[in-house]
Amino acid sequence: MVAGERGTRREVRVHLLVGAFCFAAFVGLGLLVRHVPGSLDRLLRDTVATRWQGELGTVAWLMSAALGPILPVLLGVALLVVTVRSRRRGDPRAWVTLRVLVLLGLCRATSWVGKPLFERERPRIYADFAYPSGHVVSVTSTGVAVVVLCVWLAPAFASLARATALAATLLICGARVALGVHWVTDTVGAVLAVAGVGLLAIPALRLLPAQHRNRSPVRDGVGRAGR
C-alpha cells in the first residue's frame, strides 16, 4: 500500500468518525430539547421578547430573506445545468458537479426529515416545526457544497469559500434567533446535522481532498467514460 492510499484511508476514517459524532449529537440534542427548552434557549427567547417587531426584527428578516432556502435551490439548479452541459461536451468535470449536487441534496434533506421527527414548537407562533432550523440548514448546506466544489475545481478560492460559508452560517444563526422564530439550539442542531451528513457523505461520494490528490477529476471522468 502506498503512502497516498494510507493517507486517504486515514482521512476517510476521520471523516466517518467525526461525521457520526456530529450526527449523533444532532439527534441527541433534538431529543433533549424537543419538549423542554434549555436555559440558554429561554434566556435568549426572553432577551429577544418582542424586539423582533422593531428594527432588530427588520434586519433579521432581511437577512433571512437573503440567506435562506433560496440559496441551495439556486446552487442546485446551477450545478444541474453545468452538469448537463458538461456531459454533452464530454467534460469529465461533470462527475464532480454531479456528486456535489448529490452532497447538497443530502445535507439539505436534514431539515425536511428532522422537523417532523422532533416536532419541536417555535419560541413564538410560527408555521412549521423548529428543529433543526431550515434556514441554517440551507446556508450551511450551500456553504459545504461550495467549499467542496472549490477544493476540486477552483482551489485558489477554497479559503475564501470557507471563510464566507462560516460568516454566512453565523449570521443566519443570529438572525433566526433575533427574529424570534427559532431557539438557539435549533441553529446548533442544524449545523450539527449538516456537518454530520456532509462528513459521512463526502468520502462516500469520493469528494475528499485526499481522493482529489490521488485521482483528478479528469482521470476520474476518463476512467468512468471508458467503462
Side-chain angles (χ1 to χ4, degrees), residues 1-26 71-87 89-113 132 136-166 168-169 190-227:
M1 183 187 299
V2 298
E5 292 175 340
R6 288 196 298 269
T8 301
R9 291 188 178 185
R10 188 180 304 113
E11 289 194 35
V12 168
R13 287 196 295 269
V14 170
H15 270 69
L16 294 179
L17 286 173
V18 178
F21 173 81
C22 289
F23 190 78
F26 157 66
L71 292 182
V73 172
L74 292 176
L75 179 59
V77 171
L79 287 170
L80 181 60
V81 170
V82 170
T83 298
V84 171
R85 295 186 63 178
S86 297
R87 284 291 294 157
R89 295 196 304 265
D91 189 339
R93 288 175 295 184
W95 292 109
V96 176
T97 55
L98 177 60
R99 284 178 288 182
V100 172
L101 177 60
V102 174
L103 173 65
L104 175 66
L106 290 173
C107 290
R108 180 64 182 93
T110 56
S111 174
W112 302 328
V113 175
V136 177
V137 165
S138 295
V139 174
T140 309
S141 299
T142 303
V144 168
V146 170
V147 169
V148 172
L149 194 65
C150 286
V151 167
W152 278 79
L153 302 181
F157 295 97
S159 295
L160 177 61
R162 291 189 186 95
T164 303
L166 177 60
T169 298
V191 174
L192 287 172
V194 174
V197 171
L199 288 170
L200 291 171
I202 284 173
L205 293 169
R206 298 195 61 80
L207 286 171
L208 271 177
Q211 293 168 332
H212 183 14
R213 291 192 297 269
N214 295 337
R215 192 178 202 182
S216 71
V218 175
R219 290 199 303 272
D220 187 40
V222 171
R224 289 176 180 269
R227 293 176 185 174

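- T169 and V139 get closest at one heavy-atom pair: N-CG1, 3.8 Å.
- Listed by first then second residue, pairs satisfying side-chain hydrogen bond (donor to acceptor under 3.5 Å, both in side chains) with a partner in residues 136-147 read R108-S138, not counting sequence neighbours.
- With rounding to the nearest 0.5 angstrom, the CG atom of L207 is 5.5 Å from the CZ atom of R99.
- Residues in residues 76-85 take part in these side-chain hydrogen bond (donor to acceptor under 3.5 Å, both in side chains) pairs, two or more places apart or across chains: T83-T97.
- Residues W152 and L208 approach most closely at CZ2-O, 3.7 Å, considering heavy atoms.
- In this structure, W95 CH2 and L205 CG are separated by 12.5 Å, a value rounded to the nearest 0.5 Å.
- The list of side-chain hydrogen bond (donor to acceptor under 3.5 Å, both in side chains) pairs with a residue in residues 154-164, not counting sequence neighbours, is empty.
- The minimum heavy-atom distance linking A145 with L75 is given by the pair CB-CD2, 3.8 Å.
- With sequence neighbours left out, A190 forms a side-chain contact (heavy atoms from CB on, under 4.5 Å) with P132, S133, V136, V137.
- A distance of 11.5 Å separates CG of L104 from CG of L80, quoted to the nearest 0.5 Å.
- Applying the side-chain contact (heavy atoms from CB on, under 4.5 Å) test to A161 and every residue at least two apart in sequence or in another chain returns V146, V147, C150.
- Residues forming a side-chain contact (heavy atoms from CB on, under 4.5 Å) with L16 (at least two apart in sequence, or on another chain): V12, L200, P203.
- Here the closest non-hydrogen pair linking G19 and L199 is CA-CB, 3.6 Å.
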